[in-house]
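All values below were derived from every heavy atom in this structure, side-chain atoms included, with hydrogens, water molecules and symmetry-related copies excluded.
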Amino acid sequence: MLTRFKPMPVALAVDIGGTKFEAATVTHTGEIGRRVRVDSAGASDAEELFSRLAGIVGAFDLGSVDVCGVGSGGPMLPNGEEVSPLNIGAWRGFPLRSRIAELTGLPTFVDNDAKALALAEGWLGAAVGASNYIAMVVSTGVGGGIVLDDRLLDGALGNAGHIGHVVVEPEGTELPDHVRGVLESEASGTAIAFRTGAPASEAPAAERARAGTMVGRAVGSIANLLDLQLAVVAGSVALGYGGDFFEAAQLECDRVAQLQHSAGTRIIPAGLAGEGPLIGAAAVGFRGFGHRIGEP
């Protein structure tokens with residue numbers, strides 16, 4: 001309940017990524033304070049990886065913080081009791097929530113990073129005022145979080161929204177450790193690098209447009225299924241490719257989403273850019289502890 005918070009609650013927000021970990025303090029109005037980050041790539045041992053995370057968490061005065069919110073790749077068990085991020089091979093069944101709670105002494109809440117982004121974009125980003133939308137991250141991998149009737153969907157184990165594993169091209173790329181033809185096998189930075197033999201950032205225009213087309217195909221199908229008309233998309237691939245990506249995505253979405261309730265579905269860039277993951281992680285913390293974001 002709100003009474004458990006100070007008049008102006010503050011969260012320690014933690015973003016767990018495949019190449020970096022980042023932490024920051026975030027106020028109840030979404031203002032980001034001090035930020036600390038560390039490289040997370042290259043660690044093959046679970047404890048070595050956690051020690052890097054502990055190093056940045058230890059840089060904060062935790063006495064001035066009320067709650068800890070964490071956004072992490074999945075899949076995971078409810079509230080991140082165990083996480084197995086697809087882009088962090090060293091963590092399989094890793095007890096992330098309890099380890100961070102023990103480290104900080106704070107009430108700690110963990111959710112999928114794309115679901116965290118959905119909270120952030122609805123709070124302060126491109127989905128403000130929308131009751132039904134999907135937020136997506138198209139980066140090293142592809143993830144999503146779905147809001148319907150102003151409620152973030154969780155699912156049985158907390159993994160609702162995994163749009164990266166929707167099939168969009170059945171005879172498509174056979175990306176190692178992935179099902180052939182799922183969106184992540186077609187549009188992720190990992191898939192693009194695998195297919196082209198070069199970093200995703202160097203992909204030619206045709207490959208950038210192809211990634212957008214695949215995302216538009218998935219979004220159009222989700223719009224048909226769930227009766228929503230907005231997708232906000234973040235991530236280094238989507239935002240880095242810019243117009244090539246978003247124009248192709250919208251064109252394909254228009255082709256697929258032609259039902260009365262889905263026609264006109266928009267695909268737009270996320271509004272919070274590089275701040276989205278941390279604001280989203282804070283929103284996970286506030287949500288878990290009963291504080292309604294966007295309220296005083």
Side-chain angles (χ1 to χ4, degrees), residues 12-23 37-58 68-104 106 108-118 136-145 153-167 173-194 200 235-237 277 280-281 284-285 288:
L12 176 67
V14 179
D15 175 44
I16 304 293
T19 59
K20 68 175 177 63
F21 295 155
E22 188 168 18
R37 63 185 290 177
V38 66
D39 180 15
S40 63
S44 58
D45 178 78
E47 291 304 320
E48 177 192 351
L49 199 56
F50 187 76
S51 71
R52 297 186 191 184
L53 178 59
I56 63 171
V57 169
C68 180
V70 183
S72 171
M76 63 181 65
L77 294 183
N79 199 24
E81 293 299 343
E82 291 185 3
V83 301
S84 301
L86 296 177
N87 58 352
I88 302 178
W91 282 354
R92 290 293 175 265
F94 188 77
L96 184 62
R97 191 209 63 80
S98 63
R99 292 293 300 274
I100 293 180
E102 180 181 12
L103 179 67
T104 63
L106 295 169
T108 300
F109 301 91
V110 179
D111 211 335
N112 180 275
D113 52 2
K115 289 172 64 187
L117 177 71
M136 295 178 62
V137 179
V138 183
S139 186
T140 305
V142 178
L153 299 187
D154 290 315
L157 296 178
N159 295 291
H162 259 284
I163 192 171
H165 292 265
V166 171
V167 175
T173 306
E174 293 189 83
L175 186 67
D177 301 320
H178 287 70
V179 173
R180 184 175 185 177
V182 298
L183 181 59
E184 189 165 285
S185 294
E186 304 302 325
S188 69
T190 302
I192 293 167
F194 175 78
S236 59
V237 169
V284 167

Student: Measuring from F194:CZ to H178:NE2, what's the distance to the nearest 0.5 Å?
Tutor: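 Rounded to the nearest 0.5 Å, the CZ-NE2 separation comes to 11.0 Å.
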
Student: So, do L183 and M136 sit near enough that their side-chain heavy atoms are less than 4.5 Å apart?
Tutor: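 Yes; the side chains approach each other to less than 4.5 Å.
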
Student: Do C68 and V14 make a side-chain contact, defined as non-hydrogen atoms from C-beta onward lying under 4.5 Å apart?
Tutor: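 Yes, close enough: below the 4.5 Å cut-off.
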
Student: Is a donor on one side and an acceptor on the other found under 3.5 Å between the side chain of T173 and the backbone of L175?
Tutor: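 Absent.
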
Student: Answer whether the closest heavy-atom distance between the side chains of L96 and S72 falls below 4.5 Å.
Tutor: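 Side chain of L96 against side chain of S72, heavy atoms only: contact under 4.5 Å found.
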
Student: Using every non-hydrogen atom in the two residues, find where N87 and G18 come nearest and quote the distance to one decimal.
Tutor: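 For N87 and G18, the tightest heavy-atom pair comes out as ND2-N, 3.4 Å.
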
Student: If I take atom CD from residue E81 and atom CG from residue L77, how far apart are they, to the nearest 0.5 angstrom?
Tutor: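 That separation rounds to 8.0 Å.
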
Student: Look at the side chain of K115 and the backbone N and O of G158, then say whether any donor-acceptor pair between them is shorter than 3.5 Å.
Tutor: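 Yes: the side chain of K115 pairs with the backbone of G158.
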
Student: Check whether R97 reaches the backbone of E82 with its side chain - one donor and one acceptor, N or O, closer than 3.5 Å.
Tutor: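 Checking the backbone N and O of E82 against the side chain of R97, no donor-acceptor pair under 3.5 Å is found.
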
Student: Using atom types as modelled and distance alone, determine if a side-chain donor or acceptor of S98 lies under 3.5 Å from a backbone N or O of P95.
Tutor: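 Flag set: sc S98 to bb P95 pair under 3.5 Å.
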
Student: Can you confirm whether D45 is buried at CG, in the sense that more than 12 heavy atoms of other residues, nucleotides or ligands lie under 6.0 Å from that atom?
Tutor: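 Yes, enclosed.
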
Student: Can you tell if the side chain of V166 reaches within under 4.5 Å of the side chain of V182, non-hydrogen atoms only?
Tutor: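 They are not in side-chain contact.
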
Student: Quick check: closest heavy atoms across G144 and A114, and the distance to 0.1 Å?
Tutor: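 Taking G144 first and A114 second, the nearest heavy atoms are N-CB, 3.2 Å.
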
Student: Apply the test side-chain contact (heavy atoms from CB on, under 4.5 Å) to residues F94 and I88: give CA-CA distance (whole Å), side-chain angles for both, the deciding distance (0.1 Å), then the verdict.
Tutor: CA-CA 11 Å; F94 188 77; I88 302 178; over 6 Å; no

Student: Out of curiosity, L157 CG to N79 CG, how far, rounded to the nearest 0.5 Å?
Tutor: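 That separation rounds to 12.5 Å.
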
Student: Of the non-hydrogen atoms in G141 and S188, which two are nearest, and what is the gap between them?
Tutor: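 What the structure gives for the nearest pair is CA-CB, 3.9 Å.
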
Student: Near R37 CZ, under 6.0 Å, is it more than 12 heavy atoms from other residues, nucleotides or ligands?
Tutor: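 It does not: R37 CZ has 12 such atoms or fewer within range.
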
Student: Do the side chain of S84 and the main chain of G93 share a donor and acceptor less than 3.5 angstrom apart?
Tutor: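 Answer holds: yes.
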
Student: So, T140 and T190: side-chain donor and acceptor under 3.5 Å apart, yes or no?
Tutor: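 Distance-only check fails for T140 and T190.
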
Student: Assess the residue pair V237 and I192 against the criterion (side-chain contact (heavy atoms from CB on, under 4.5 Å)); give the C-alpha distance rounded to whole Å, side-chain angles, the decisive distance to 0.1 Å, and a yes or no.
Tutor: CA-CA 9 Å; V237 169; I192 293 167; 4.2 Å; yes

Student: Under the criterion salt bridge (charged side-chain N to carboxylate O under 4.0 Å, His left out), I'd like the reasoning laid out for E186 against R180: C-alpha separation, chi angles, the key distance, then a yes or no.
Tutor: CA-CA 9 Å; E186 304 302 325; R180 184 175 185 177; over 6 Å; no

Student: Which heavy-atom pair separates L49 from A43 by the least distance, and what is that distance?
Tutor: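 Closest heavy-atom pair between L49 and A43: CD1-CB, 3.6 Å.
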
Student: Which value, rounded to the nearest 0.5 Å, describes the distance between N112 atom CG and M76 atom CE?
Tutor: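 Those atoms lie 5.0 Å apart.
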
Student: As a quick check of understanding, evaluate side-chain contact (heavy atoms from CB on, under 4.5 Å) for V284 and V110, giving each step before the final call.
Tutor: CA-CA 7 Å; V284 167; V110 179; 5.8 Å; no

Student: Heavy-atom distance under 4.5 Å between the side chains of V142 and V137, does that happen here?
Tutor: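 V142 does not reach V137 side chain to side chain.
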
Student: Does A116 offer a backbone N or O that forms a donor-acceptor pair with the side chain of D111 under 3.5 Å?
Tutor: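 Side chain of D111 to backbone of A116, a donor-acceptor pair under 3.5 Å: no, none is there.
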
Student: Between atom CG of L53 and atom OG of S40, what is the distance when rounded to the nearest 0.5 Å?
Tutor: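 Result: 9.5 Å between the selected atoms.
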
Student: Considering non-hydrogen atoms only, spot the tightest contact between I16 and F21 and give its length.
Tutor: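 Smallest heavy-atom distance, with atoms named: CG2-CE2, 3.5 Å.
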
Student: Can you name the nearest heavy-atom pair linking S139 to S236, along with the distance?
Tutor: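 Smallest heavy-atom distance, with atoms named: OG-OG, 3.0 Å.
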
Student: Would the distance check show the side chain of R92 and the main-chain N or O of P85 forming a donor-acceptor pair, the cut-off being under 3.5 Å?
Tutor: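 Yes, because the side chain of R92 sits within donor-acceptor range (under 3.5 Å) of the backbone of P85.
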
Student: Which value, rounded to the nearest 0.5 Å, describes the distance between R52 atom CZ and D39 atom CG?
Tutor: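 Going from CZ on R52 over to CG on D39, the span is 6.0 Å.
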
Student: Would you indicate whether the side-chain heavy atoms of F50 and I100 approach each other to under 4.5 Å?
Tutor: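 Yes. Closest side-chain heavy atoms under 4.5 Å.
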
Student: Holding to salt bridge (Lys or Arg N to Asp or Glu O under 4.0 Å), I want the full list of residues that pass it with D113, two or more places apart in sequence or in another chain.
Tutor: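 Here no residue qualifies.
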
Student: Parallel, tilted or perpendicular, judged at 30° and 60°: which one describes the rings of H165 and H162?
Tutor: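 If you compare the ring of H165 with that of H162, the planes turn out perpendicular.
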
Student: Should V70 and F109 count as side-chain neighbours, where that means a heavy-atom distance under 4.5 Å?
Tutor: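 When only atoms from C-beta onward are counted, F109 and V70 do not touch, as no gap falls below 4.5 Å.
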
Student: For the side chain of W91 and the backbone of V83, is there at least one donor-acceptor N/O pair under 3.5 Å apart?
Tutor: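 Checked: no pair found.
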
